[in-house]
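This report refers to the structure that appears directly beneath it.
Every chain is numbered from 1, with letters handed out A, B, ... down the list of sequences. All heavy atoms count here, side chains included; hydrogens, waters and symmetry mates do not.
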Amino acid sequence: MIESQLRELFDQLADGAAAHSRVDTQLALHRGRARLRWRRACIAGVPVLAAAAVAAIVLAVVVGPFRPGAGPVSGTGPLAPRQFSPLIPNVSFGWLPSGQSLDQGGVRPTDAFLAAGSAADFDGWRVGVYARGHCHLTGPATGLTCTAQKPGGFSTQFGERAPAVAGRSAFWAGPNLIWQYARGGWADLSIPVASFSALQQDTRVQAEALKIARHLRVGAATPRLVFPAQLTGLGSHWRINNVHYTADGGALRADSYLLTTGTSRFFPDVGDLGIWTNAPYFDIHPTSRTATCSPHDPATKNTSETINGYRVVVKQMTAGGHPEQELCAAHAGRLWVDIIEFGRHPSIGVVSLFRHHLRLLGTNPADWTKDPLTVSKGQLPGGVAG
Amino acid sequence: VSGSRDAEYCEYVAARLPSLRRLAAVLCDDPQRADDLVQAALTKLYVHWGRARAADHPDAYARTVLVHEFMRERRSLWVKRVSLVGWVSESPAAAVDHDAALDLRAAVAVLPARQRATLVLRFYCDLDVDRCAEVLGCSPGTVKSQTARALESVRRALGPAHDAGPGEPSRRAGGGRTSTRSNRP
């Protein structure tokens, strides 16, 4: 009896779905991409947890080519950086297997990542590097916990000690190699194999992983990122943060980043990524002739207007109870520009940012800038997240 | 290749969006929140698209993502702040406006998220116990017990008058907004 009533009720509720969808597939796609960048590379340790648990069991009976290494836990040598500047990659591959090349990377004060190979299938090598003090061994070197700017961080159990990397401790943890790249700093290399057992049986891939780790360069001596747009006339309290970049020809082109200030606040429980309020998200990259902003959504408050000669769409929405404003320009000086900001009382709106503060630099890499944020004369230099 | 991945994803979402929105509306009992839920679930689906498209049943995969997102959101603080006991949204479904239906809706509204999801999977999606267990990530036994508890809670909330059928006087489920309506003579 009650079951049939429930069926009837549920059918009614299903029929009550709003006639006009507010769901924005393009937004899901953009956020999904952003999430992949951080989660699949920098935060690769999350899935490691389960795999490592299996690894710990399997390795107890492993014999043969997958034997423990002998790397000592070292307390000497150079210190890892305390934080990373988001304007430079901070980390670079010194060696990659044949056919692999740098595809993309990301950097924020607490951590940085690099991804090589095919971004489309996410099957390449990925390395996440954590600044000093953000990772801690658990127990007597049985695992590692890393904390990072949200969303981020991971915890993993080591499966087995790996051969030392430049004399420093290294461990296999599922299909990952985790090692101390400098005193107080840890790195996590995600290895493109289907499973831990596949890695176990593939000594060539193990050797490649160790070689990548040994040649990885961490530090400030990497070329600065280039930005196809520049923010001008903002106060010195603003900082560029969470920069994602793409290897574009010979340049490392920043294509998405966050602009934060002292009042920016992270809400981890909104959506599946969490959101920053009072912190505009920028997504800027060369556009294509057919590019469009996300499809017209009748349930969203959209307005189209022309700003600085460019056609833009401005949307007002809510996400998790937070007002959300978005400005999208599909063809702004041959660039695709999307600015999203959450929060009830943002310090500066997306329209004002686009109208007064964003200088678009076109698609010629020679015109791009290494200084995406310039401050007014007399103010302290900004641009690096603190 | 990235473009084809995205195109494939967009094509899938365009085809399945109506059914995902309907399922979300049943889970949330709030068309507005339902779209937020679908929005969040689609982001997750994109992240796991490689796995979803390789799955034997991509629809089942998408449904699982949606249901998990529903249960996760229900645990988060911002939802708790607005999810009042006995709350029933003002949605077009309320057009079928008789006390029994409202009481049933209110009774279901106060169920814990997992129990509600179980009922939706069993009686809206018509999944058997094993499939339901796969979606919820629990054992078939847990599905059975969750279903039994949920049905018992609903019966208890509706009270003995429930079996008298629609239109008969009945007690309400909780202390929320619905009390005035369901106590109408």
Side-chain angles (χ1 to χ4, degrees), chain A residues 1-40 103-104 118-123 246 267-275 288 294-295 297 299-300 317-322, chain B residues 1-6 9-10 13-14 17-18 20-26 29 31-32 34-36 38-47 49-50 69 72-73 75-79 81-82 91-96 100-101 104-105 108 119-120 122-124 151 154-155 158 162-163 166:
Chain A
M1 168 88 184
I2 217 161
E3 288 86 345
S4 62
Q5 288 181 333
L6 281 170
R7 288 180 202 281
E8 194 179 333
L9 170 68
F10 290 156
D11 284 342
Q12 288 167 9
L13 293 177
D15 292 341
H20 298 298
S21 169
R22 289 189 301 112
V23 178
D24 185 335
T25 307
Q26 292 299 314
L27 184 61
L29 202 139
H30 293 153
R31 288 183 180 165
R33 281 187 194 137
R35 180 175 178 160
L36 277 175
R37 288 165 191 158
W38 289 107
R39 294 266 165 107
R40 304 284 288 190
D103 178 69
Q104 58 178 297
S118 165
D121 291 325
F122 305 101
D123 60 353
T246 301
F267 289 82
D269 294 320
V270 178
D272 59 333
L273 285 174
I275 58 164
S288 67
S294 49
D297 179 351
T300 304
M317 301 164 272
T318 56
H322 296 270
Chain B
V1 186
S2 177
S4 79
R5 180 186 197 271
D6 290 358
Y9 166 84
C10 289
V13 171
L17 189 57
L20 289 172
R21 290 183 69 237
R22 284 171 64 84
L23 175 57
V26 179
D29 192 1
Q32 299 306 312
D35 276 358
D36 289 341
V38 174
Q39 184 74 54
L42 288 184
T43 302
K44 277 200 171 153
L45 186 64
Y46 179 83
V47 172
W49 181 241
E69 185 61 21
R72 196 198 70 79
E73 279 202 347
R75 288 195 296 269
S76 71
L77 290 174
W78 70 269
V79 169
R81 277 206 304 273
V82 298
S91 76
V96 185
L104 180 63
R105 195 171 173 188
V108 173
L119 291 186
V120 170
R122 296 291 310 280
F123 303 120
Y124 175 70
L151 291 175
V154 171
R155 283 198 186 94
L158 294 175
H162 156 72
D163 286 332

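Residue contact with chain A, scored on non-hydrogen atoms closer than 4.5 Å, involves the backbone and the side chain of Val120(B) alike. Neither the backbone nor the side chain of Leu45(B) comes within contact range of chain A; no heavy atoms are under 4.5 Å apart.
The side-chain heavy atoms of Asp15(A) and Arg22(B), taken from C-beta on, include a pair separated by under 4.5 Å. Put simply, the side chain of Arg22(A) reaches to within 4.5 Å of the side chain of Asp36(B), judged on heavy atoms. No side-chain heavy atom of Val23(A) sits under 4.5 Å from any side-chain heavy atom of Leu20(B).
What you find for Gly16(A) and Pro31(B) is that their closest heavy atoms are O-CG, 3.4 Å. Closest of all the heavy-atom pairs between Leu42(B) and Ala28(A) is CB-CB, 3.7 Å. Here the closest non-hydrogen pair linking Glu3(A) and Leu151(B) is OE2-CD1, 3.7 Å. Arg7(A) and Phe123(B) make their closest contact through CG-O, 3.3 Å (heavy atoms, listed as atom of the first residue, atom of the second, distance).
Note that the CG atom of Leu6(A) and the CG atom of Leu119(B) stand 5.5 Å from one another [nearest 0.5 Å]. To the nearest 0.5 Å, the span separating CD on Gln5(A) from CG on Leu158(B) amounts to 7.5 Å.
A donor-acceptor contact shorter than 3.5 Å links the side chain of Gln39(B) to the backbone of Asp24(A).
Checking each of Val13(B), Val38(B), Asp6(B) against Thr25(A) for a side chain to side chain contact (heavy atoms under 4.5 Å, CB included) leaves exactly one that passes, namely Val13(B).
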